[in-house]
Amino acid sequence: MPAAPPEKPRKVVVLGSTGSIGESALKVARELPEWMQVIALAANSQADSLSAQAQEFGVKDVCIYQDALREKVADQVESDVAVSSGKQGLIELATLEEADLILIAIVGVAGLEPALAAIEAGKDIAVASKEILVMAGEEVMGKAAEKGVQVLPVDSEHNAIFQCLEARESDEVRRLILTASGGPFRQLPADQLQQVTVAQALKHPTWEMGQKITIDSATLFNKGLEMIEARWLFDVEMDRVDVIVHPQSIVHSMVEFCDRSILAQLSTTDMCFPIQYAVTYPARVENNLPPLDFAELAKLEFEAPRWDDFPALLLAKEAGTKGGTLPAVLNAANEVAVDAFLKEKISFPGIWRTVSDVMERHTVANSPDLDTLINADAEARQQAEERINKHG
Ligand code: NDP
Ligand code: MG
């Protein structure tokens with residue numbers, strides 16, 4: 001029997017509501033009003049969409065990160081809606097008294113401080129923004145444990161693993177097996193990667209997502225970031241996090257237990273699945289999402305990743321294994337390099353060359369506090385920019 005709805009719906013704050021994940025979260029809220037009530041929304045630049053969302057969901061708190069757009073939003077929404085901006089605005093939303101769950105769906109690391117503030121205020125968080133767990137996974141998970149709040153994974157692979165684990169201890173786990181679509185260049189010969197265009201890299205074979213994660217999926221940095229994300233979310237060492245290419249993106253990930261039994265989670269490719277589970281957890285609730293038809297699928301394929309042709313995976317493995325400030329450096333250099341690739345300042349392989357160079361020049365600090373991580377992030381961004389300006 002599917003669970004009956006709770007007495008009151010979960011009050012959810014959506015940070016990054018105008019993006020791909022944000023829009024999917026609002027779809028879930030529309031479909032499951034008895035389970036999910038959106039009470040606050042935040043975006044960066046899309047003022048019109050943010051105002052329209054605020055109107056539709058009748059929220060009383062919105063934040064537009066760009067301060068120059070604050071007045072515009074204030075003019076567009078009802079007069080009783082509080083409109084804030086900047087980091088402070090995000091933190092106010094993340095700590096709203098009545099909020100039960102904060103969904104962090106901001107691309108990049110801008111969601112880190114709001115996430116930590118939410119945890120500090122005793123709120124459960126649902127995390128799509130893998131970058132914050134790559135940069136500061138130990139800090140986020142440590143604070144969450146201290147405060148007794150939940151960190152619910154929204155990334156489809158991690159949500160799948162979360163479902164397979166169902167409160168199992170991490171020492172019963174032999175391996176976490178992350179599936180990867182392989183991206184648009186899964187079969188492209190290595191010598192052609194240099195010529196890849198932005199338009200080609202933005203054509204993901206199975207998922208429709210924001211630009212940054214789509215490029216990350218093409219380089220396989222997305223899977224690299226996800227390996228580090230998994231390491232922190234599920235408290236396993238890097239050498240127990242494995243990757244397998246699965247072009248159909250139907251098996252979202254798997255867990256191999258100590259008895260060598262493997263559990264997998266499967267569904268059609270729609271981010272509403274993991275978002276819904278994060279919101280209704282631990283309940284399973286009926287919906288109208290497309291069911292999986294095995295006869296129509298006919299086959300599910302698996303193959304080894306091309307470790308040598310796509311160095312992102314090995315760079316991430318190295319960063320996750322050495323730890324300290326290195327994952328933050330990898331993440332920051334990658335953010336800058338992806339932006340430069342999108343602006344056609346560097347080639348596609350230029351992305352991993354930039355990351356690799358910046359990582360090589362970094363002296364790792366162990367057990368970093370938040371300030372040390374923020375400094376390492378800023379320094380890596382600067383070095384990546386310098387390298388890009390110098391070498392292109
Ligand atoms: P999008 O680029 O589609 O959306 C990003 C969102 O973040 C937008 O709402 C944007 O606002 C907002 N934003 C950016 N900077 C700020 C800021 N400083 N303050 C407030 N809001 C901000 O990205 P996605 O939705 O694809 O991805 C979001 C995160 O989720 C990423 O970390 C990604 O890795 C992760 N993820 C995404 C998946 C997907 O299927 N899309 C799958 C798994 C993980 P605006 O639009 O106004 O600029
Ligand atoms: Mg993913």
Side-chain angles (χ1 to χ4, degrees), residues 13-27 40-54 62-70 72-73 84-94 102-115 126-135 152-162 176 178-181 183 202 204 206-217 220-230 233 243 246 249 251-253 265 269-275 278 331 334-335 338-339 342:
V13 173
V14 182
L15 304 182
S17 61
T18 52
S20 163
I21 290 286
E23 295 274 7
S24 295
L26 298 187
K27 240 165 100 181
L41 298 162
N44 176 39
S45 60
Q46 298 194 64
D48 296 342
S49 308
L50 180 65
S51 302
Q53 292 175 342
V62 300
C63 168
I64 182 92
Y65 189 79
Q66 294 184 17
D67 188 52
L69 295 169
R70 204 188 63 78
K72 181 178 180 187
V73 175
S84 59
S85 64
K87 190 162 78 180
Q88 202 44 45
L90 293 177
I91 290 175
E92 278 166 28
L93 260 55
I102 316 298
L103 170 62
I104 320 279
I106 294 175
V107 59
V109 294
L112 176 59
E113 286 179 69
V127 181
S129 310
K130 62 195 81 189
E131 295 93 344
I132 71 174
L133 290 169
V134 172
M135 177 177 172
L152 298 151
V154 168
D155 210 349
S156 57
E157 295 76 1
H158 306 75
N159 192 273
I161 290 171
F162 183 66
L176 304 179
L178 298 173
T179 52
S181 72
L202 283 175
H204 195 275
T206 48
W207 292 100
E208 277 214 24
M209 312 177 285
Q211 286 202 337
K212 197 255 172 184
I213 183 174
T214 306
I215 301 299
D216 283 347
S217 299
L220 296 197
F221 265 112
N222 182 50
K223 211 50 55 182
L225 298 176
E226 289 183 357
M227 291 169 82
I228 304 173
E229 181 187 12
L233 275 171
V243 174
H246 166 47
S249 302
V251 176
H252 295 303
S253 278
Q265 186 263 340
T269 48
D270 189 325
M271 287 306 292
C272 289
F273 282 100
I275 294 168
N331 177 64
N334 180 54
E335 280 190 32
V338 169
D339 191 53
L342 285 168

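All residue numbers refer to positions in the sequence shown, counting from 1. Read the numbers this way: they start at 1 and go in the same order the structure lists the ligands and their atoms.
Put simply, part of A105 is less than 4.0 Å from ligand 1, judged by heavy atoms. The shortest separation from a heavy atom of K130 to ligand 1 is under 4.0 Å, placing the residue in contact.
With sequence neighbours left out, the side-chain contact (heavy atoms from CB on, under 4.5 Å) criterion links S49 to T18, Q46. A search for salt bridge (Lys or Arg N to Asp or Glu O under 4.0 Å) contacts involving K27 returns nothing, not counting sequence neighbours. Applying the salt bridge (Lys or Arg N to Asp or Glu O under 4.0 Å) rule to E335 yields the partners R381; only residues at least two apart in sequence or on another chain are considered.
Here the straight-line distance linking atom CG of L233 with atom CG of D155 works out to 8.5 Å at 0.5 Å rounding.
Among all protein heavy atoms, the one lying closest to atom 33 (C) of ligand 1 is I213 CD1, 4.0 Å. The nearest protein atom to atom 48 (O) of ligand 1, hydrogens excluded, is given as S45 OG, 2.8 Å; this is a heavy-atom distance. Ranking protein heavy atoms by distance to atom 45 (P) of ligand 1, first place goes to T18 OG1, 3.2 Å. Atom 35 (C) of ligand 1 has A128 O, 3.2 Å as its closest protein atom, hydrogens excluded (heavy atom only). Of the protein's non-hydrogen atoms, V107 CG1, 3.8 Å is the one closest to atom 5 (C) of ligand 1. Remark: minimum distance from atom 2 (O) of ligand 1 to any protein heavy atom is reached at G210 CA, 3.9 Å. For atom 43 (C) of ligand 1, the closest heavy atom belonging to the protein is D155 OD1, 3.0 Å.
Neither the backbone nor the side chain of L15 has any atom closer than 4.0 Å to an atom of ligand 1 (non-hydrogen atoms only). Of all the heavy atoms of M271, the ones lying under 4.0 Å from any atom of ligand 1 belong exclusively to the side chain. Contact annotation for E131 and ligand 1: only side-chain heavy atoms (C-beta onward) come within less than 4.0 Å of the ligand.
Each protein N, O or S atom less than 2.8 Å from the Mg ion (ligand 2) was counted, giving 3.
Checked against V134 for a side-chain contact (heavy atoms from CB on, under 4.5 Å), the options N334, N331, V109 give a single hit: N331.
Counting the atoms of ligand 1 from 1 in the order shown, those under 4.0 Å from a heavy atom of A110 are 18 (N).
For atom 24 (P) of ligand 1, the nearest non-hydrogen atom from the set S24, S17, S20, G108 belongs to S20.
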| Candidate pair N222 and K130, rule side chain to side chain contact (heavy atoms under 4.5 Å, CB included), full reasoning | CA-CA 9 Å; N222 182 50; K130 62 195 81 189; 2.6 Å; yes

